[in-house]
There are 4 protein chains.
Amino acid sequence: MAVKRGAGQAGAEDATPAGQAPQARRPLRRGQRGPSPDKTARRRDGIVRAAMAAFMEHGFADATMADVAQRAGVAKGTPYRYFPTKEALFEGVVQEVIGKALFGAGKETRLAGERVGAYLRRTLLPAMREIELAGRAAVARLVIAEGARFPALVEVYRREAYEPLLRRIEALGREAVAEGELRSDALVRFPHILVGPLWLGMLHNGLFRQAGVLDIGEMFAAELDLIFGPPPESPPTHVG
Amino acid sequence: MAVKRGAGQAGAEDATPAGQAPQARRPLRRGQRGPSPDKTARRRDGIVRAAMAAFMEHGFADATMADVAQRAGVAKGTPYRYFPTKEALFEGVVQEVIGKALFGAGKETRLAGERVGAYLRRTLLPAMREIELAGRAAVARLVIAEGARFPALVEVYRREAYEPLLRRIEALGREAVAEGELRSDALVRFPHILVGPLWLGMLHNGLFRQAGVLDIGEMFAAELDLIFGPPPESPPTHVG
Amino acid sequence: MAVKRGAGQAGAEDATPAGQAPQARRPLRRGQRGPSPDKTARRRDGIVRAAMAAFMEHGFADATMADVAQRAGVAKGTPYRYFPTKEALFEGVVQEVIGKALFGAGKETRLAGERVGAYLRRTLLPAMREIELAGRAAVARLVIAEGARFPALVEVYRREAYEPLLRRIEALGREAVAEGELRSDALVRFPHILVGPLWLGMLHNGLFRQAGVLDIGEMFAAELDLIFGPPPESPPTHVG
Amino acid sequence: MAVKRGAGQAGAEDATPAGQAPQARRPLRRGQRGPSPDKTARRRDGIVRAAMAAFMEHGFADATMADVAQRAGVAKGTPYRYFPTKEALFEGVVQEVIGKALFGAGKETRLAGERVGAYLRRTLLPAMREIELAGRAAVARLVIAEGARFPALVEVYRREAYEPLLRRIEALGREAVAEGELRSDALVRFPHILVGPLWLGMLHNGLFRQAGVLDIGEMFAAELDLIFGPPPESPPTHVG
DNA sequence: AATGAATGAGGATTCATTCAT
DNA sequence: AATGAATGAATCCTCATTCAT
């Protein structure tokens, strides 16, 4: 059923900007009225958490604000004190997760003499292994599912999470080619190739969980083996 | 007490071929009454097309049956003659596409002496290049987006479209390893690696179209180069 | 959902008057086209019967024309050839039953020297005993249930079925008083008293069937005993 | 994308007493928020009244929730806060009336030396006289008309209203026989005989009102005269 | 700040009726 | 005369949002 009756455009300048706790603007007063800032922050957090669960379970359109409120243990009107519309709440949820530095890779630099394959194994692989745990896969699935309704959010996601990783891989691919580690410039032209399996994995585990969970970490390790050759120390799963 | 009802103009005739009669394929009857089976089939098909467009544009929950009907040029109640509920209509849309043999690969066998990479370039690559045109990418995105609401449909999709391709790639990977074309068994353990970029491409073109369309065919070609080495005749996109 | 969109007022002068078979106005022609009048009459009858069943099962509003048609084994449009609207069909059903002389009583005159109680036992009691079988109770229940929607029909029912019986009883009550068989003029003033249990019985068997069927014939016999005293020959169900 | 929503005027306050809180009787809370329980109860009651009127006027199927809301002076969605479905609202209406102790008879015991006829004149007759006023006749008609759709409700009605009166009459009939007041055991075997005219009266006044209202009280008095003999003090409507 | 009763726009669905075949 | 596909008005119900308390 979607949002048909919102008061304003999502993300527009509403009284209470999405993503900020109401009390943010309230100067501390003596004779404190209402909940402590601490409690308020906790409440906002509980609402976001509840909303994430609700959206993931039902999708944006079918999740109800009443359900969110109930999961958060607050009254039906309370989430509106933190997010002016359902859309803003959704954005709050997604940005909460995007904000948590989507991928560690790109933050660390290659060690001296470290080959690209080794570097990826050291930095990106652990992130992959954790990707389900961190709820990032779930949010990615949410963005995919609801992207048509939230172009602005998609743009943020693309800019903050999707492109940086691709650019980083592109650069690494270029280095790998320059250093003779790769003969093909495929990763330079299509860094998507490296992360594609990751996305497939997230989707697989979102859609086809019942038919068996895909171990994204293991898959990524195998992919690195396939593209960069097996790691030198541990000659694991290869043939001949 | 009684309210007049205008008869209403018959919806504009659309002209789309193929399709099925409302309930089941109606056996030809003598003394044919009512619209020809042909026209009925056209109408059903027009509704499915309209629904696909509507679902792709708004998502399942936000697409309205009225919109579907209007796009199909029929009255609001007409889609219900062909699909008892909105959900059934959605399933009709997806199965329509699934039914159209998702990938050519697996239908053809490898030629004598043909290497696996070459075989994939010959069979799977063309399918990739057409994947957007055929609406398969769009349907895949729909299944991803609405999967939580349609577990049965997801299962069908998995069984009919997703798994067969993975199994085929797994088998090919095994052959490639046995024949020395690949040294890693990564594709045997995770055939997902090969199709991952394909899925990413579909999502990319669904979500980030505005930031640039990803050429899935080219990307897949590059991927084959990366994994299987460049094709012998045309030494194209590689370095040094 | 009732009839909201009928073309005209129920019972008004439509092309095909309710209650008449279509062929009624068609002069016999040689080279006969279409079904024989006989078959047509049978079809009309089948539709009425199907409608009666449907209305009794679901009530007027919830019975669907499609259901009626299916029960009658004809196409959805066919009933409209015999009855212009659903309301007309309903009226056709009721009048069909009303037409069948609701009660035998009143048709026969008292025998010479026959007391009123005996006369009622001889004439009305058998009608009571059959009232369920004849479907008259069912139609009475229908009229009760849907009366608000069919004032004209209620009026017919009242005039043709309800009042005649009351008038007859009133007259008999007067005779009974005059002849000393009854001391109270209650039946003269309220002939309803005599038929009230009958109505209750019909309702009981319509509503509370599951909790036990009420034997209307037996009840009426007991009522006659109570009011007129036990029949002389067989002193059955009384005390002392 | 977002459509503006007017806030709308709050519905006019109605002023009807008694009733229940939406879900269950809400225990008084400290720091009371929202409308007083009193106002909530009034609103619920107003909705029930409006629904009773609507159902009685149109029958269940043809009464619309919008009409109920309008009659109650509330918004279209408000009745749903009190009754989850139209059916539940109907049940609420019926139980509201059933709950009001259907008949005084059976609550009072016979006075010492009071004959059964006198007792019935003292207790049941006044209830009969009021039966239309209290809306009980209307509800009985509703139950009759819509019984097929509400078997559970019919059962409640039977258990709470119908059977108790029959059992009471049966017992009284037995006493009357034992005490020599009645010679026939008809009322013992068929207590329905005594209440039958009452039901007929309710139906008569529901269906045939236009042709003249039946005075149920007078009729019942006449019936008691007929069955138990005239009251000793006032030798009223009998024939010399 | 929080509550939750009330609002009312919106949409899926039903089905009496029409009419081309 | 019969058919049954198509029509579209009507209505139940949901739920995001508001606001008096």
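Numbers restart at 1 for each chain; the letters A, B, ... are given by sequence-line order, proteins then strands. These figures come from a predicted structure and were not determined experimentally.
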**OP:** Might you work through the side-chain contact (heavy atoms from CB on, under 4.5 Å) test for C:Y82 and C:T40, ending with a clear yes or no?
**Re:** CA-CA 10 Å; C:Y82 297 86; C:T40 294; 3.5 Å; yes

Subject >> Side-chain N,O (A:R43) to OP1/OP2 (E:dA1) below 4.0 Å >> reply: no

**OP:** Tell me whether the OP1 or OP2 atom of F:dA6 has a side-chain N or O from B:Y82 closer than 4.0 Å.
**Re:** yes

**OP:** Could you pull out the closest heavy-atom pair between D:A54 and D:A63, with the gap in Å?
**Re:** O-CB, 3.7 Å

Rounded to whole angstrom units, what separation is found between the [atom1] atom of [X] and the [atom2] atom of [N]?
| X | N | atom1 | atom2 | result |
| --- | --- | --- | --- | --- |
| B:H58 | E:dG11 | NE2 | P | 10 Å |
| C:F83 | E:dT17 | CZ | P | 13 Å |
| B:Y80 | E:dT17 | OH | P | 22 Å |
| A:R42 | E:dA2 | CZ | C1' | 16 Å |
| A:R44 | E:dA1 | CZ | C1' | 16 Å |
| A:R81 | F:dT17 | CZ | P | 16 Å |
| B:I47 | F:dT7 | CD1 | C1' | 12 Å |
| D:Q70 | F:dT11 | CD | C1' | 15 Å |

Original post:
Hey, can you pull the residues of residues 72-79 of chain A with a non-hydrogen atom under 4.0 angstrom from DNA chain E?
Top reply: A:V74, A:A75, A:K76, A:G77, A:T78

Original post:
Going by heavy atoms closer than 4.0 Å, what residues in residues 84-92 of chain D are next to DNA chain E?
Top reply: none

Original post:
With a 4.0 Å cut-off on heavy atoms, is C:A69 in touch with a base, just the backbone sugar-phosphate, or nothing at all?
Top reply: nothing

When rounded to the nearest 0.5 angstrom, what distance separates [atom1] in [X] from [atom2] in [Y]?
| X | Y | atom1 | atom2 | value |
| --- | --- | --- | --- | --- |
| A:T78 | A:R43 | OG1 | CZ | 6.0 Å |
| C:F150 | C:F90 | CZ | CZ | 5.0 Å |
| B:E87 | B:F60 | CD | CZ | 5.0 Å |

Subject >> 5' precedence on DNA chain F between D:A63 and A:A66 (nearest-nucleotide basis) >> reply: D:A63

**OP:** Under the salt bridge (Lys or Arg N to Asp or Glu O under 4.0 Å) rule, collect the residues that match up with C:E57, sequence neighbours excluded.
**Re:** C:R71

**OP:** Please list, chain by chain and in numerical order, all residues satisfying salt bridge (Lys or Arg N to Asp or Glu O under 4.0 Å) with D:E91, sequence neighbours excluded.
**Re:** none

**OP:** Report the stems of DNA chain F as range-with-range entries sorted by first number; a stem here is at least three consecutive pairs, Watson-Crick or G-U wobble, both distances under 3.5 Å, and write none if there are none.
**Re:** E:2-21 with F:2-21

According to side chain to side chain contact (heavy atoms under 4.5 Å, CB included), who are the partners of [X], at least two apart in sequence or on a separate chain?
| X | answer |
| --- | --- |
| A:R49 | A:D45 |
| B:M65 | B:P79, B:Y80, B:K86, B:L89 |
| A:A72 | A:I47, A:A50, A:V74 |
| D:A66 | D:T64, D:K76 |

Original post:
Of all residues at least two apart in sequence or in a different chain, which pass the ring-ring contact (aromatic ring centres under 6.0 Å, His included) check with B:F83?
Top reply: none

